[in-house]
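Here you go, one structure.
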There are 2 protein chains.
Amino acid sequence: MAELAETMAEPSPGLVSTAIQAITRHIRSEGLAPGDPLPSEAAMTRQLNVSRTVVREAFRSLSAMRLIDMSAGRRATVAKLDTGAMSMVIEHGITTQQISVHQVYDVRRTIEMRTVALAALRRTEAEAAAIAQSAKLMRENFQNPEIVMEHDIAFHEAIAAASHNPVFSLIVTAFSGVTRRTWEIGWRTRSSNEDQLKMIKGHEDIADAILRGDPRLAVEHMAEHFDKSVKALLDAGIA
Amino acid sequence: MAELAETMAEPSPGLVSTAIQAITRHIRSEGLAPGDPLPSEAAMTRQLNVSRTVVREAFRSLSAMRLIDMSAGRRATVAKLDTGAMSMVIEHGITTQQISVHQVYDVRRTIEMRTVALAALRRTEAEAAAIAQSAKLMRENFQNPEIVMEHDIAFHEAIAAASHNPVFSLIVTAFSGVTRRTWEIGWRTRSSNEDQLKMIKGHEDIADAILRGDPRLAVEHMAEHFDKSVKALLDAGIA
DNA sequence: CCCTCAAACCTGTATGACAGGCTGTTATTG
DNA sequence: CAATAACAGCCTGTCATACAGGTTTGAGGG
């Protein structure tokens with residue numbers, strides 16, 4: 001068996017890629033669920049007939065993508081869905097200037113127009129309350145930009161969660177890092193307190209529409225919110 | 001300096017995470033672009049004052065996320081934007097049943113309603129031709145499901161590319177793996193050749209609307225296409 | 001039956017070694 | 001002098017070994 005895998009290996013990819021595939025295949029073929037343990041490194045080493053170095057690099061790679069969880073002394077376990085890898089990819093695209101903040105905002109707008117509608121239709125009472133709470137905390141701390149930002153991010157992530165589609169949550173959360181980098185600019189561009197409070201009012205309107213279960217109104221407010229945000233960024237010279 | 005980094009390290013995260021951060025920080029602080037070389041493992045080893053084992057696992061992790069490219073003999077280089085990591089995350093979510101195919105399709109629909117509109121507005125002549133070509137190849141090979149599928153995937157990716165927003169391309173491409181897994185089911189569900197050809201006609205209509213630069217019509221056809229595809233999957237019992 | 005604790009297992013990191021790929025430089029040859 | 005071939009040096013890929021420290025488990029004692 002070991003030899004079979006060895007002879008079947010493609011020319012270039014290297015042993016580590018093979019090991020990664022073996023592990024993911026194991027997860028699938030065994031039907032593992034989040035929290036379930038994977039084979040130990042030693043077991044994998046024997047099974048694949050490669051050194052522990054190779055196996056470790058494979059495990060570590062999957063851990064970096066947050067497909068598995070590793071911690072000292074314990075065996076690796078299958079991980080819950082996590083946005084870690086996606087965030088890294090987006091961040092990488094931004095820092096290497098392969099994608100622009102503006103492009104990210106266009107995607108966010110597209111997605112959040114949908115999440116907000118779904119949230120209005122599917123939200124539980126608790127979710128509606130959490131969304132409204134984030135908006136409320138934005139207002140209460142409006143003189144402290146950093147805190148407002150964190151509640152803003154929580155607000156959008158809460159809406160995505162209320163859409164009851166984890167894929168939306170995944171993507172929205174992956175963009176939060178970009179928001180953290182650009183938020184201050186957008187905030188300062190709203191020069192007056194009045195503008196800033198108006199922006200917070202926009203969030204409250206969205207929360208309200210979701211609470212009332214009115215998707216059309218929610219989408220309308222969300223669109224307005226994004227249009228203003230993008231305009232603020234453009235005014236500040238962010239491409 | 002080395003000691004400074006050592007004393008500043010957080011308690012648990014481990015040296016590898018620190019090394020990963022150091023590398024990404026290096027990319028950012030040096031303003032590296034895709035193709036630019038990174039420091040050698042030996043250099044990183046000295047700079048961070050850790051073993052080569054740790055540095056290698058860090059490099060390998062970034063390589064797994066496709067943030068850098070590695071190959072024997074050469075130093076690692078900054079990678080072009082790639083969908084590898086995202087695909088893995090989505091696949092992982094599906095195989096561990098944390099997300100459903102239906103949920104992925106809802107996200108795809110949301111995104112592609114936008115990409116198709118942008119494509120109609122922004123496509124170059126070459127892009128419009130490529131999109132139409134994929135549709136044409138679907139028809140020409142309609143008796144061979146696998147080939148039709150590949151052209152179907154290429155069709156949707158071409159539209160995303162024509163949106164001129166790489167983030168959309170990234171996401172759409174990340175979903176292609178899911179499509180490969182479910183496509184056959186949707187195809188077989190369209191029991192008659194007539195249904196299958198109708199579905200291909202839908203693609204041609206989309207391509208046509210894009211060629212004519214009519215976003216409204218393009219969106220309309222895309223919506224119809226997705227609604228039918230989702231219905232086919234539902235009929236087949238895919239949650 | 002419960003508590004304690006040590007042995008067994010597991011991961012995290014370090015070190016040294018060697019094979020093989022890549023590159024630039026040098027020496028050879030026409 | 002120019003083209004080319006050989007080489008040396010650097011780099012990554014893989015392996016073997018060792019040890020520190022965390023986790024689990026079960027045996028033994030109370």
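Any value given below was found using the heavy atoms of this structure, including those in side chains, with hydrogens, waters and symmetry copies removed. The chains referred to below are lettered A, B, ... by the order of the sequence lines, with proteins before strands, and numbering in each begins at 1.
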Rounded off to whole Å, could you give me the CG-to-P distance for the B:Asp69 and C:dG21 pair?
20 Å
B:Ser100 side chain to B:Gln103 backbone, donor-acceptor under 3.5 Å:
yes
Residues at least two apart in sequence or cross-chain that pass side chain to side chain donor-acceptor pair (under 3.5 Å) with B:Glu157, listed by chain then number, are B:Ser176
Neighbours of DNA chain D within residues 27-35 of chain B, by heavy-atom distance under 4.0 Å
none
Contacts of A:Arg56 that satisfy side chain to side chain donor-acceptor pair (under 3.5 Å) - sequence neighbours left out
A:Glu41, B:Glu57
Is any side-chain N of the basic residue among A:Asp106 and B:Arg114 closer than 4.0 Å to the acidic one's carboxylate O?
yes
Per-nucleotide protein contact along nucleotides 12-24 of chain D, 5' to 3', at a 4.0 Å heavy-atom cut-off (B base, S sugar-phosphate only, - neither), is BBBB--B---BSS
State which residues pass side chain to side chain donor-acceptor pair (under 3.5 Å) with A:Ser63; sequence neighbours excluded, sorted by chain then number.
none
Check this for me, if you would: do A:Glu91 and A:Arg181 make a salt bridge, where the nitrogen-to-carboxylate-oxygen distance has to be below 4.0 angstrom?
yes
For residues A:Glu140 and A:His151, is any side-chain donor paired with an opposing acceptor at under 3.5 Å?
no
Could you tell me which residues satisfy ring-ring contact (aromatic ring centres under 6.0 Å, His included) with A:His92, sequence neighbours excluded, listed by chain and number?
none
